[in-house]
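What follows is a single structure, written as structure tokens, with notes after it.
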Amino acid sequence: MCPKALVTILVVVGLVYVEAGQKCTGSPRMYNGKRCASTTHYHDAHKGACGCGPDNNDNQFSWNANSFVTAPSQHLFDASGKGWCGSMCGRCVKLTTTGGFVDGQGSYTPPGQSAVFMTTNLCPNEYPNLSWCSQSSQNGYKNQYGYGEHFDLENGAGQVSGLGWNNPEVTWEWADCNSAHSHNSKTPNDGMYHQCYCGKHPGGGKK
């Protein structure tokens, strides 16, 4: 291969990397003046760390499997380390795609797509979540990919896949659950959250 061809290939590879990589920069990571987060998706069929299922078993309410709900990383779910009825239970966040993603962990999603998710579960700072949800004082409150917050998104009914999201990088901001529900019923409202154990017993206690 001649040197000229090699230079051309290197330039093209460089352009592809910039286009495909993360859009958020700085510490904390920001994009368009808003805090950034990484995302993944999951389904485990349990009622989760906010108790969004019947009190007498560990099943989910149907809306907790089918709606826009999330399991934030431990530090955001509850900075004091609670694993049940954390301070973020029942709170909603608006996630907006940046057009970026972690190379090898997701794929391109057009920027500017938004959805509002309610917290009903926890992504704990333990295996197998350590690369995403381990933000703590030991690592400068950043996960392996540099994000101060992470949102694991319930996909039990394909609701996240239906958005076309495959682990996109997002910005996040607090949102009103009731207003979001009025706009899109896939976001739970406060009345739905108060069916949850932690909605009825915000101080926590036994499951």
Side-chain angles (χ1 to χ4, degrees), residues 34-97 113-126 129 132-133 135 147-163 165 167-168 170-207:
K34 296 179 180 178
R35 286 286 292 260
C36 290
S38 48
T39 68
T40 48
H41 59 268
Y42 76 102
H43 177 56
D44 65 2
H46 301 295
K47 61 186 177 183
C50 300
C52 292
D55 289 345
N56 61 355
N57 61 55
D58 194 29
N59 297 326
Q60 291 176 302
F61 291 135
S62 60
W63 62 262
N64 194 32
N66 301 333
S67 301
F68 291 150
V69 299
T70 183
S73 47
Q74 174 69 69
H75 185 69
L76 185 59
F77 177 79
D78 196 288
S80 65
K82 291 176 69 173
W84 181 253
C85 295
S87 59
M88 196 172 162
C89 281
R91 298 193 68 180
C92 285
V93 290
K94 180 181 179 181
L95 306 183
T96 303
T97 57
Q113 296 184 3
S114 297
V116 176
F117 292 78
M118 176 183 281
T119 299
T120 63
N121 208 349
L122 160 68
C123 185
N125 179 16
E126 59 186 39
N129 307 308
W132 297 108
C133 298
Q135 294 88 343
Y147 297 94
E149 291 82 30
H150 179 79
F151 296 94
D152 203 8
L153 309 176
E154 172 66 66
N155 196 36
Q159 61 268 44
V160 175
S161 301
L163 292 171
W165 292 14
N167 301 347
V170 297
T171 60
W172 74 276
E173 55 194 302
W174 301 115
D176 180 87
C177 300
N178 293 330
S179 295
H181 178 79
S182 297
H183 178 72
N184 186 334
S185 61
K186 285 190 176 181
T187 300
N189 61 19
D190 290 343
M192 296 162 76
Y193 173 66
H194 284 296
Q195 300 171 19
C196 304
Y197 180 90
C198 298
K200 295 178 289 185
H201 309 282
K206 293 183 178 181
K207 296 182 185 180

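- The backbone N or O of Lys82 sits less than 3.5 Å from a side-chain atom of Gln74, completing a donor-acceptor pair.
- Listed for the Asn129 side chain is no donor-acceptor partner under 3.5 Å among the backbone atoms of Asn125.
- Under 4.0 Å is where a charged nitrogen must lie from a carboxylate oxygen, and between Arg35 and Glu173 no such pair does.
- Distance OG1/Thr119 to CG/Leu76: 7.0 Å, rounded to 0.5 Å.
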Start with the C-alpha gap between Phe61 and Gln195, add the side-chain angles, then the distance that decides, and say whether side chain to side chain contact (heavy atoms under 4.5 Å, CB included) holds.
-> CA-CA 9 Å; Phe61 291 135; Gln195 300 171 19; 3.7 Å; yes
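- Within the model, atoms SG of Cys36 and NE2 of His150 stand 14.0 Å from one another, a figure rounded to the nearest 0.5 Å.
- Here the closest heavy-atom approach between residue Asn57 and residue Asn59 is recorded as OD1-N, 2.9 Å.
- Annotation for Val69 and Pro188: closest pair CG1-CG, 3.7 Å, computed over non-hydrogen atoms.
- Between the side chain of Glu126 and the backbone N or O of Cys123 there is no donor-acceptor pair closer than 3.5 Å.
- Of all heavy-atom pairs between His46 and Asp58, the closest is ND1-OD2, 2.7 Å.
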Run the numbers on Cys177 and Tyr193 for side chain to side chain contact (heavy atoms under 4.5 Å, CB included), then give the verdict.
-> CA-CA 10 Å; Cys177 300; Tyr193 173 66; over 6 Å; no
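- With 3.5 Å as the limit, one finds no donor-acceptor pair spanning the side chains of His181 and Thr187.
- Atom CE of residue Met118 and atom CE of residue Met88 lie 10.5 Å apart, to the nearest 0.5 angstrom.
- Not one N or O on the side chain of Asn121 forms a donor-acceptor pair closer than 3.5 Å with the backbone of Thr70.
- Looking at every heavy atom in both residues, Phe77 comes nearest to Gly83 through CE2-C, 4.2 Å.
- Within the model, atoms OG1 of Thr171 and CD of Glu149 stand 11.5 Å from one another, a figure rounded to the nearest 0.5 Å.
- Panel note: side chain Asp152, backbone Ala71; no donor-acceptor pair is recorded below 3.5 Å.
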Under the side chain to side chain contact (heavy atoms under 4.5 Å, CB included) rule, what do Phe117 and Leu153 come out as? Steps first, then yes or no, please.
-> CA-CA 8 Å; Phe117 292 78; Leu153 309 176; 3.9 Å; yes
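- Cys196 does not pair with Cys89 as a disulfide, the SG atoms being 2.5 Å or more apart.
- A distance-only check finds a donor-acceptor pair linking the side chain of Ser67 to the backbone of Trp63 [under 3.5 Å].
- Between Trp172 and Trp174, the two ring planes are perpendicular [angle over 60°; tilted spans 30° to 60°].
- Contact between Lys94 and Ala175 at its shortest, heavy atoms only, is N-CB, 3.9 Å.
- When atom types are taken as modelled, the side chain of Asn184 and the backbone of Ala115 share no donor-acceptor pair closer than 3.5 angstrom.
- Annotation for Thr39 and Val170: closest pair CG2-CG2, 3.7 Å, computed over non-hydrogen atoms.
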Show the numbers, then the answer: is there a side chain to side chain contact (heavy atoms under 4.5 Å, CB included) between Asp55 and Lys200?
-> CA-CA 11 Å; Asp55 289 345; Lys200 295 178 289 185; 3.1 Å; yes
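- Looking at Asn178 and Asn189, their side chains never bring a donor and an acceptor atom within 3.5 Å of each other.
- The SG atoms of Cys198 and Cys85 sit under 2.5 Å apart.
- For the residue pair His41 and Ser161, no side-chain donor N or O sits within less than 3.5 Å of a side-chain acceptor on the partner.
- Annotation: side chain of Cys50 is not in contact with side chain of Tyr197 (no heavy-atom distance under 4.5 Å).
- For Glu154 and Gln60, the side-chain atoms include at least one donor-acceptor pair closer than 3.5 Å.
- When atom types are taken as modelled, the side chain of Gln159 and the backbone of Ala157 share a donor-acceptor pair closer than 3.5 angstrom.
- Under 3.5 Å, the side chains of His43 and Asn155 contain no donor-acceptor pair of N or O atoms.
- Of the possible donor and acceptor atoms, none in the side chain of Ser73 sits under 3.5 Å from a partner among the backbone N and O of Cys133.
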